[in-house]
2 protein chains.
Amino acid sequence: MDLMEQETRLTESQPVPHDTAATPGTLRPGGRTAKVRRAVLDATQDALADTGFHALNMDRIAASAGVGKTTVYRRWGSPVGLVTDLLHDMAEQSLPAADTGGLTGDLRANAELVRDTLTDPRMGAVFRAVIAAAACDEECARALAAFYRTRLAEWAPVVTRAAARGEVPEGTDPVELLRAVSAPLYYRFTITHEELTGAVTERAVTAALAAARDGAFLRE
Amino acid sequence: MDLMEQETRLTESQPVPHDTAATPGTLRPGGRTAKVRRAVLDATQDALADTGFHALNMDRIAASAGVGKTTVYRRWGSPVGLVTDLLHDMAEQSLPAADTGGLTGDLRANAELVRDTLTDPRMGAVFRAVIAAAACDEECARALAAFYRTRLAEWAPVVTRAAARGEVPEGTDPVELLRAVSAPLYYRFTITHEELTGAVTERAVTAALAAARDGAFLRE
DNA sequence: CCCTTAATGGGAGGCTGGTTCCGTTAAGAT
DNA sequence: ATCTTAACGGAACCAGCCTCCCATTAAGGG
């Protein structure tokens, strides 16, 4: 990854002809640049969906995005770079949390959202790829963590409201509870590669809820 | 991956000039062959520990194992193949479960074992690689699942004993409870890449235990 | 101990993924 | 509208990964 060192260049002469082309796409994000990014990220998702991360190839992406491969190499540098940017892109599209009126329902909605996402052939493949890429690259790992931070922050109010209603102890850490719901699903998805059934989802909810009521997720 | 079909061998007739070199290393696993495997798997672990999965390279492995690269290509085929075999190797080395006399202590011992493993620089890197490889390759995913099936089976008695002592409801699914303990740790390890602190470990235990007492893991 | 042949090992060659060069296009400023 | 230059794109170039060929070594059976 070499997208990072633009500061180190050109400490030299007078005119300082602009920190030329330090990070393509950030200085002049006009219509064309944006369109290229969109095309490339879409192509990346497609590729991940049907060939997986190991087969992700810059040349192929450039071709199927209808973009010069030089551009892809310059702006993203590597397959991991593509996935990382895809992740940033995904983090921007937020979808609102549920509000069913009860914590059980809300958590169930969350668990089912996770399940549906991971079960969907396209999205499931994308998440597998992203997780694999994060295991290989620090920068990508940060992007993945940021993505989930965003997501969990959106759902946190669900728990806060429930605490106000007395469904879980006051002082329950919302993020902690939400992670407890997701964790078993992701465990199966990444480690044991089991099918994510309705029973598994439901159990994740009831177990997390039981623990929460028992005060296992009290913020300290 | 072609390491699996050795059973198909030699069900055959008289002469049949042997299914020559069907799967190198399975037909004549003499001293040299075994030594080569050991050297290669060790080299693989070393490489994973200090450069990670993305940089895993067959030629380099061959060189650092002091083995011909042809051999590595022939027997393992790809980086994923190496990791898969490493996983099979790891599954063979079992270490016994704890027995502290109480379920809380046993589960804590389990959680701390997981934590220590994932925290260890060498083993942590290996597990990251294995998870990434499993995300890329079906065969590797199966090997990973098998590894954990073995591990969990070793620890299952811990829960069975506890149920007999009345610490959790009769009919509690041991594997389900054990997975509930590990899941939050693996979630952090693979998804959010957070540090696995003692607090996280302890919370995983208490949460799983609370859920279990509440009957969330009853076998149906 | 000898024989057969599985398995290893070195090296040459091709392919594919990645880099660089330089001309072209169009974003954004005046 | 015009100009500057960021960003794109084509194509040649380079390198490292993988494969194939064949000679060599040593298991395992007699």
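Naming convention: chains lettered A, B, ... in sequence-line order (proteins, then strands); numbering from 1 in each chain.
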Axis-to-axis angle for the helix from dC1(C)-dG30(D) to dT30(C)-dA1(D), ends of five pairs each, to 10°, equals 50°

Between [X] ([atom1]) and [N] ([atom2]), how many Å, whole number?
X        : N       : atom1 : atom2 : value
Trp76(B) : dT8(C)  : CH2   : C1'   : 11 Å
Leu56(A) : dT16(C) : CG    : C1'   : 15 Å
Arg74(B) : dG10(C) : CZ    : P     : 12 Å
Arg37(A) : dC8(D)  : CZ    : P     : 12 Å
Arg32(B) : dG28(D) : CZ    : P     : 11 Å

Test: Arg128(A) cationic atom under 6.0 Å from Phe53(A) six-membered ring centre, within 45° of axis: no

4.5 Å side-chain heavy-atom contact, [X] and [Y]:
X         : Y         : answer
Leu95(B)  : Arg151(B) : yes
Met58(B)  : Ile61(B)  : no
Glu194(B) : Tyr187(B) : no
Arg188(A) : Glu195(A) : no
Leu107(B) : Leu178(B) : yes

Tell me whether the side-chain N/O atoms of Asn57(B) come closer than 4.0 Å to OP1 or OP2 in dG16(D). no

Would you jot down, in residue-number order, the residues of residues 58-73 of chain B having a non-hydrogen atom under 4.0 Å from DNA chain C? Val67(B), Gly68(B), Lys69(B), Thr70(B), Thr71(B)

Using modelled atom types only, decide if a donor and an acceptor are shared between the side chain of Arg115(A) and the backbone of Leu185(A) within a distance under 3.5 Å. no

Are the side chain of Thr192(A) and the backbone of Ala145(B) linked by a donor-acceptor contact shorter than 3.5 Å? no

